[in-house]
Structures are given as C-alpha cells and as structure tokens.
Amino acid sequence: MASPLIVIVGPTAVGKTALAVKLCQRYRGEIISADSRQIYRGMDIGTAKPTPAEQAVARHHLIDIIEPDQTLGVAEYQSLAYAAIEDVLRRGRLPFLVGGSGQYVHAVVKGWKVPRVPPDYTLRTELEAEAERIGAYALHARLAALDPQAAARIDYRNVRRVIRALEVCLKTGKPISAQQSVQPPPYRILQIGLTMPREQLYMRADARIDRMMAEGLLDEVRRLVAQGYDLGLPAMSGLGYRQLGEYLAGHISLEEAVRLIKKQTHRFVRQQYNW
RNA sequence: GCCGAGGUAGCUCAGCCUGGUAGAGCACUUGACUGAAAAUCAAGGUGUCCCCAGUUCAAAUCUGGGCCUCGGCA
C-alpha cells in the first residue's frame, strides 16, 4: 500500500501551523513546510515562522534553508520536499505538507514536471529591456512564433511569465509547452483545506500584522537592510518587508506602510483561495 | 461674522468653462499560475453626482437660495 501524505492548506492566518503541530503530536508526524518565505534565514517575524516552541513539539523541514540573497525555484523546492517526505517516512513517521504557497503545494501534490532550465538573469534583463523597447504585445508575439500553445495560455501583459516561457524555449530550443507535464507522486494523499468567512480572515490577518509590529518586525527589516540585503531581492519582496523597506527608504510613512501591508495581505488571502 | 476653496463610487479625486443623464486609481469580488510565486497578471460590480427651486426638449454641468466641510482674517 502506498505511503500516506497529509496536506494542510489554507489562507494566511487561518491557523494551519497550530493545527499541524497538534496533529503531529497526536500522530507522530513531522511537518514539511510549503512556504516560499519561511525558507529564508533571519526572516522570522514577518513570515510568521513557527516559534521555537512549536518547532520543538513538531519537527519542521524546509524552514531556514537559504540566505535572503539566495533564491529557490519551484523545481528545487519540489525535489527537496520529496526528499524530506521520504526521510520522514523512512523513520516511520507521518509527513504533513503544510503551507500557503499554492505553487509549491501543487508542484508536490500534483507532481508538476517543471522544465529544468535554471533562471538566466542576464537573459531576463535583456528580455525586460526588449519588452520596454518593443512593447509587451510584440514580445508575446515572439513567444507565439516559437510556441503558440504556451502563448495562448499566457496573457501578453504578464511580461514576467512571457519572459520565463521565452527563456525555456530559447535555452532548450524546444517549446516550453512540450516540456511541461504532470506525474503524480506515489502517495495516498489526504488534503485538508482550512477556511473561514472572508471578513474574519481579514480581521485575523490585521491583528497578526499589529502583533508582528509589536514584536519588532521593523527592527527585523532594519537589520536585514543593515546587513546589506537589497530591497530588490526576491526575499525582500514579501509582505511586510517590502512596505517597511519603503518606509526605511523614506518613501512612505510608517502608518502608510502598515496600512499597505494589511491591504495587500487581504489581496493575498484571495489569491491563496484560487489554489 | 467676513474672504477664499470645496461637497461626484467605501476612500482620494477627474468631469462642470463648451448641458445629451458619469469616470480613473485604490479598496472589494472573481480568476490565471509548471525554476522570481507573500511574485506577476487579468476580468468585474459599485453611485438620491449635498439639498430645494428655476432655466431648458434635456442639468453633475447653467442660475438663485439653503446646508455642511476645510483654510485665512477677525
């Protein structure tokens, strides 16, 4: 019989960690985090990372695995997650995949076969400049010539995704659409979706943001900036970090920054629902 | 009290001069997502146009009166 995998998903601040920790205690489980922000060391408060106490009760994997100036793509995340699941199973424990990064969860649960083309930042910068020059529509037309199928699925205005598709086509000489498939993993999966009325979710998220501020989120961001981490880094684009970075750079007031964090967190809640 | 500015979507505001029955950004709702994903992108609804009267075929728009807000002067 196939090995079990429990998956816990849901929007931010709904209580995924609390439930997962409790279940781990009861069923001898370990948590594999599916969170694209908790992977960074030194970013604790703003990412609502499980506390040391929670981590002592239930072992967590894939938290604190890279520095803020490093990056981790879905494909890498996926193989790390599969390895962690195998490791947990081998030791006779129950794996819980827990997190709010829909892309990560799908990559693992559905078994996306992501084209193995690492990002080429030089090429991306060139293509971005080209998009500026000839326009998003023309860049999309370039993709359509190489891979009509992929072009049909990507809105021409979504330059970032058009560029990734072009990157794969150009690097491999083959259409990206021919290199994307799905191969479900060999687990018996039980997926638990946590939810709550929208309004309540917004209130919980807002309250948590206030708590983060009280716990010193601003100092955390200040420290990261002092360590030389640029605001343009993917790690610094997360909710809270971006806006507080703007404040520290003198572009907006602290009040405005907190207001923006809340608004954008609401949007994030909605985005998570789509997964 | 006087002078000035203003009252249009939940918020900030455009439209008013040159009447033809309302629009943008944000919020909000819905959706996409295969190596940046807490990223990036798309679609959508929203209105006693402060009130009353007048002019007019037709008023957010012009005229008169009233109410309210903000700033300056007393």
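For the numbers below, each heavy atom of this structure counts, side chains included, while hydrogens, waters and symmetry mates do not. Throughout, protein chains are lettered first and strands after them, A, B, ... in sequence-line order, and every chain is numbered starting at 1.
- With hydrogens and angles ignored, no donor-acceptor pair under 3.5 angstrom links the side chain of A:Arg153 to the base of B:rA32.
- Spacing of P atoms, B:rA43 relative to B:rG6, comes out at 35 Å, to the nearest Å.
- In this model, the phosphate group of B:rG35 is not approached by any side-chain N or O of A:Arg161 to a distance below 4.0 Å at OP1 or OP2.
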Do A:Gln191 and A:Val109 pass the side-chain contact (heavy atoms from CB on, under 4.5 Å) test, and can you show the C-alpha distance, the side-chain angles, and the key distance before you say yes or no?
CA-CA 9 Å; A:Gln191 189 162 162; A:Val109 170; 4.0 Å; yes
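- Counting atom types as modelled, A:Gln103 pairs no side-chain N or O with a base atom of B:rA32 as donor and acceptor under 3.5 Å.
- For B:rA36, one of the phosphate oxygens OP1 or OP2 lies less than 4.0 angstrom from a side-chain nitrogen or oxygen of A:Arg124.
- Both distances falling under 3.5 Å, in either a Watson-Crick or a G-U wobble arrangement, place B:rG54 opposite B:rC62.
- Note on A:Asn274: a base of the nucleic acid sits closer than 4.0 angstrom, heavy atoms only.
- Taking atom P on both B:rC41 and B:rA36, the two are 15 Å apart, rounded to the nearest angstrom.
- Here OG1 of A:Thr265 is found 11.0 Å from CG of A:Leu201. Values are rounded to the nearest 0.5 Å.
- In this model, the phosphate group of B:rU40 is approached by a side-chain N or O of A:Arg242 to a distance below 4.0 Å at OP1 or OP2.
- Classification of the A:Tyr202-A:His266 ring pair by plane angle, with boundaries at 30° and 60°, yields parallel.
- Between A:Asn158 and B:rU40 there is no side-chain polar atom (N or O) within less than 4.0 angstrom of OP1 or OP2.
- A:Thr12 comes within 4.0 angstrom of nothing in the nucleic acid, heavy atoms only.
- Base pairing annotation: B:rU69 forms a Watson-Crick or G-U wobble pair with B:rA5, both donor-acceptor distances under 3.5 Å.
- Across the C1' atoms, B:rU30 and B:rG66 are found 45 Å apart, a figure rounded to whole Å.
- Nucleotides B:rA59 and B:rA53, compared at atom P, are 13 Å apart to the nearest Å.
- Taking a 6.0 Å sphere around CZ of A:Arg267, one finds it holds 12 or fewer heavy atoms contributed by other residues, nucleotides or ligands.
- Spacing of P atoms, B:rG7 relative to B:rC13, comes out at 9 Å, to the nearest Å.
- For the pair A:Arg198 and B:rU29, the criterion of a side-chain N or O lying under 4.0 Å from OP1 or OP2 is met.
- For the pair A:Arg164 and B:rG35, the criterion of a side-chain N or O lying under 4.0 Å from OP1 or OP2 is met.
- Among the atoms of the strands shown, none is found under 4.0 Å from any heavy atom of A:Thr71.
- Between A:Tyr77 and B:rU34 there is no side-chain polar atom (N or O) within less than 4.0 angstrom of OP1 or OP2.
- Look at the P atom in both B:rC28 and B:rC68: the space between them is 35 Å, to the nearest Å.
- As rounded to the nearest Å, B:rC62 and B:rG1 have P atoms that lie 27 Å from one another.
- Comparing the P positions of B:rG15 and B:rC3 gives an interatomic distance of 26 Å, to the nearest angstrom.
- Across all strands, A:Tyr40 comes closer than 4.0 Å to no nucleic acid atom at all (heavy-atom distances).
- For A:His106, no side-chain nitrogen or oxygen approaches OP1 or OP2 of B:rC33 to under 4.0 Å.
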Show, in sequence, the C-alpha distance, side-chain angles and deciding distance for A:Tyr229 and A:Arg223, and conclude whether the side chain to side chain donor-acceptor pair (under 3.5 Å) test is met.
CA-CA 9 Å; A:Tyr229 293 122; A:Arg223 199 196 65 236; over 6 Å; no
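- Taking a pair to require two hydrogen-bonding distances under 3.5 Å in either a Watson-Crick or a G-U wobble arrangement, B:rA43 pairs with B:rU29.
- Contacts of A:Thr47 with the nucleic acid, taken as non-hydrogen atoms under 4.0 Å apart, include base atoms.
- Counting any heavy atom pair closer than 4.0 Å across all strands shown, A:Ile154 reaches no nucleic acid atom.
- Base pairing annotation: B:rC13 forms a Watson-Crick or G-U wobble pair with B:rG23, both donor-acceptor distances under 3.5 Å.
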